[in-house]
Structure formats: structure tokens, C-alpha cells
Amino acid sequence: MIFDIEVGFPDHLSVVIVGPGPAGIGVARVLRDLAIPDVWVFERGQIGQSFRNWPKETRLLTHSFPRNVFGVADLNAVSFDSSPGWSLRSEHPSGEAYAQYLEQAAELFGVNVQCGLDVFAIEPIENGFTLQTSRGTVTADYVIWACGLFGAPIDAGLPGGRLGRHYGAVNSWDDVEEDEVYVIGGYESGIDAAIGLSQKGKDVNVLSRGAPWLDRDKDPSRSLSPYTQQRLDTFRKCFSINLLSDVDVIALEQEGSRVHTLGGDGRSWLSDGPPILATGFLGGTKLVSQWFDHDQDGIPLLTAQDESTAVPGLFLVEPEVSHQGHLFCFIYKFRQRFAVVARAIAARIGADTSVLEMYYENNMFLDDLACCDDDKCLR
Ligand SMILES: Cc1cc2nc3c(=O)[nH]c(=O)nc-3n(C[C@H](O)[C@H](O)[C@H](O)COP(=O)(O)OP(=O)(O)OC[C@H]3O[C@@H](n4cnc5c(N)ncnc54)[C@H](O)[C@@H]3O)c2cc1C
């Protein structure tokens with residue numbers, strides 16, 4: 001594996017994976033097991049950059065626990081034979097610590113990662129792709145898009161959204177100076193912000209459209225994770241967290257040195273500093289969206305191999321993958337598709353895929369999408 005080299009990869013590669021987060025590193029490892037040559041992962045920052053950008057107090061929600069011989073992989077592991085819980089000695093690692101795990105995993109797996117290389121655009125050509133990058137043009141037979149979501153905060157089109165401060169732009173809750181803070185959005189990042197701020201002694205008001213803290217959906221992609229729910233229940237007893245549901249924030253307005261947050265029902269709130277926008281992240285496929293068909297909700301349409309239905313050879317491995325209405329937006333979900341994508345590429349190259357048996361044996365290979373029809377498999 002080579003980091004930060006100036007010159008190193010050939011002009012033409014077999015597979016380019018864009019983004020060495022858990023998705024990119026995990027799928028690169030499977031391609032390595034299949035002995036696919038000339039596979040490179042490109043990263044504009046450092047390995048695990050999204051995790052390095054989290055507020056420093058934020059922890060993974062899904063817990064990490066070593067599996068040993070018992071067959072259930074650590075929920076945050078990108079391979080069946082690694083465990084952030086074990087290597088980091090932490091059940092809920094911070095973003096920075098998890099990025100270290102990814103870096104160690106990349107090194108141990110022997111995958112090629114080129115850091116400091118921004119991919120600006122990709123273009124399908126005959127038998128492959130051209131990638132325009134900050135270090136020139138590269139061609140590849142296959143592209144795996146693994147850019148995640150965190151890099152693209154959205155203010156949900158809120159008029160005056162620039163008066164707020166997006167969750168993704170906060171380095172630490174220590175940086176928030178005001179004593180009373182408004183958080184817009186009451187899902188995972190909103191509640192994480194509320195907990196982080198309340199621990200710093202702030203009075204926190206969460207303004208939320210619904211009441212996710214009361215939602216009992218069994219899929220943590222649709223309701224608060226047990227970790228967040230547990231922390232919220234604990235911290236609400238000791239700290240000042242005011243949860244307001246049924247608030248549809250329609251605009252932010254400047255009022256002198258203060259910010260006015262306007263609700264659709266006529267209510268409004270004045271704050272000394274910018275409200276925290278916990279309004280989510282734009283899909284990481286924005287840069288390549290023209291190469292995907294989309295459903296009516298804007299979700300990229302994929303084949304059963306997670307390949308673009310519009311452009312063969314372009315695969316998607318990341319939280320935006322969705323099949324039959326089921327979201328693969330946690331590591332323990334989308335890692336089930338690494339071997340599916342790797343098998344599709346291996347089959348076209350003519351590589352032996354028998355090694356993938358071990359992915360089945362280790363429960364890291366969900367290729368039977370009919371299973372997604374069965375509600376039981378998501379509980
Ligand atoms: C606060 C928070 C807590 C979370 N907690 C959990 C949790 O507990 N468990 C869980 O399973 N998930 C959790 N998630 C979701 C998890 O972070 C994502 O599912 C995961 O990061 C997605 O992995 P990925 O590899 O697809 O993308 P990322 O980890 O975002 O990696 C994508 C990489 O691509 C790089 N990149 C992007 N665009 C380009 C480009 N054009 N050129 C070059 N490089 C590029 C980025 O710099 C980044 O390093 C959480 C998310 C947040 C925001």
C-alpha cells in the first residue's frame with residue numbers, strides 16, 4: 001500500500017474506488033482477496049476523512065465488540081477478520097479513532113490508497129471510464145463510487161440557512177459560545193448535538209418536525225439508535241434539553257445581532273448565535289448523478305449487483321444503496337454488499353471467485369435480495 005506518493009499509479013487501472021471510508025476500504029479488501037490487479041482507492045483528504053471531520057465528542061452509535069470464534073462480526077468492522085472494538089479498545093469509538101482503524105485495516109489488507117487526490121468528474125468511454133482528478137486524467141475499466149454522505153451538508157433549502165451552523169461544520173461543542181442553543185432537526189445528529197451541547201452546560205432546544213425520540217420503528221435507519229435513545233434518556237434527567245416536536249422551521253432571519261428562527265405555525269425563537277442545522281447530508285453521488293437513473297425519491301437505481309442501471313461498469317458501495325425500500329445506511333448493512341460488487345467485477349474479468357465462500361461462511365455476503373422482502377431480516 002502506498003500513501004501520498006506524487007507519482008505511482010499507471011495511467012490505466014483495472015478498478016478505481018473513489019473514497020476510502022469503510023465502504024471503499026471494505027470493498028478493496030474483497031477485490032484483494034480475489035487477486036484483481038491494479039485496484040486503487042482515491043481520497044481527496046486522508047483515509048477515513050469523514051470520520052476525522054466529526055465533532056470530536058461524537059461516537060459511533062453502533063457498538064463494537066470482538067467476535068472471536070462465534071461468527072458475528074463487530075458491527076463496525078469492514079471485514080470479518082478485523083474489529084475496531086478490539087484494536088481501539090473502545091465500544092463506541094470516536095470518529096478520529098475509527099479513522100485510525102480504517103488506516104490500519106488498509107495497511108494490513110495491503111490495498112493501494114492514493115490520498116490527496118480529488119476526483120472532479122467521471123465520464124464513461126468505450127470499455128471503461130475517464131476520471132478527471134486533481135492529479136490529471138486516469139482511465140479505468142470499472143469505477144466503484146464510495147463517497148459517503150458526510151462531505152455534503154445540506155440546509156434543506158431553508159431560506160436564510162447561511163445564518164445557521166451545520167452540524168458537519170462543528171469541530172467541537174466547546175466552540176459554541178452561547179449559553180442557550182437551538183438545534184434544528186431531531187434525528188441522530190440533532191440529538192447528538194443536543195447531548196454534546198448540554199454536557200458543556202448549554203440550555204438546548206431541539207426543534208423537530210416529528211418526534212423521532214418517540215418513534216418505535218425497529219430499523220435504526222428510520223428511528224433513533226438505542227445508543228442515542230439511552231443517552232438522551234440519561235442526559236435529559238441531568239441537563240437542560242428541551243425537545244419540541246411538530247415544528248416546521250421555514251426560515252432563519254437576522255434580527256440585529258441575533259437570529260430569528262421562524263416556525264411554519266407562527267411560533268418563533270430568538271437566539272444569540274447561529275442555530276445548529278442538523279438537517280442532514282446530501283447523497284454522495286451528486287458528482288456522478290448524471291450516470292445513474294433515479295426513482296421518484298431521487299434514490300439511485302441499481303441492478304442486483306449494485307451497478308448503475310444507466311452506465312454498466314459503475315458501481316455504488318455506500319449508505320445510499322437501497323433495495324426494495326430497505327436502506328443500507330449503516331456499516332453493518334452496506335458491508336453485506338462488498339462481496340456482491342466484487343463478484344460481479346471478478347466474473348467479468350474471469351477471476352476465480354471460489355474465495356468468496358468465506359464471505360458466505362462469515363455472514364458478510366447478502367446477495368439474495370428476496371430476503372429484503374422479509375421484514376424479519378431487518379430486526
Ligand atoms: C455523526 C454520525 C454518526 C454515525 N454513526 C454511525 C454508526 O455508529 N454506525 C454506522 O454504521 N454508521 C454511522 N454513521 C454513518 C457512517 O458514517 C456512514 O455510513 C459511513 O461513513 C459511510 O461510509 P462510506 O465509506 O460510504 O463514506 P465515507 O466514510 O464518508 O467515506 C467517503 C470518503 O470519500 C472521500 N471523497 C468524497 N468525495 C470524493 C472525491 N470526489 N474525490 C476523492 N475523495 C472523495 C471523502 O473524503 C471520504 O473520506 C454515522 C454518521 C454520522 C454523520
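Every value quoted in this text rests on a predicted model; they were computed, and no experiment measured them. First listed ligand is number 1; within each ligand, the first listed atom is number 1. Hydrogens, waters and symmetry mates play no part in the numbers below; they use all other heavy atoms, side chains included.
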Ligand 1 contact on L75 by region, counting heavy-atom pairs under 4.0 Å: neither
Which segment of A146 sits under 4.0 Å of ligand 1 when only heavy atoms are counted: backbone
Residue C329 vicinity, atoms of ligand 1 by number, heavy atom under 4.0 Å: 19 (O)
Side-chain H-bond candidate by donor/acceptor type, H12 with D141, under 3.5 Å: yes
Under-4.0 Å salt bridge between D192 and R59: no
Polar contact flag for P20 and ligand 1 (N/O pairs, less than 3.5 Å): no
Side-chain ion pair, R222 and D215, N-O less than 4.0 Å: no
Residue L117 vicinity, atoms of ligand 1 by number, heavy atom under 4.0 Å: 43 (C)
Proximity of W54 to ligand 1 by residue part, where a heavy atom lies under 4.0 Å: side chain
Cation-pi, F80 ring and R29 (6.0 angstrom, 45 degrees): yes
Over 12 foreign heavy atoms within 6.0 Å of CZ, F235: yes
Per-atom contacts, ligand 1 versus E318 - under 4.0 Å to a heavy atom: 26 (O)
Geometric cation-pi criterion, R236 with F239: 6.0 Å, 45°: no
Numbered atoms and elements of ligand 1 in range of Y167, under 4.0 angstrom, heavy atoms: 1 (C)
L61 N/O to ligand 1 N/O under 3.5 Å: yes
Atoms of ligand 1 close to T58 [distance to a heavy atom under 4.0 angstrom, numbered from 1]: 1 (C)
Atoms of ligand 1, numbered as shown, that sit under 4.0 Å from any heavy atom of F334: 19 (O), 22 (C), 23 (O)
Polar contact flag for V317 and ligand 1 (N/O pairs, less than 3.5 Å): no
Within-cut-off N or O pair, Y332 and ligand 1, under 3.5 Å: no
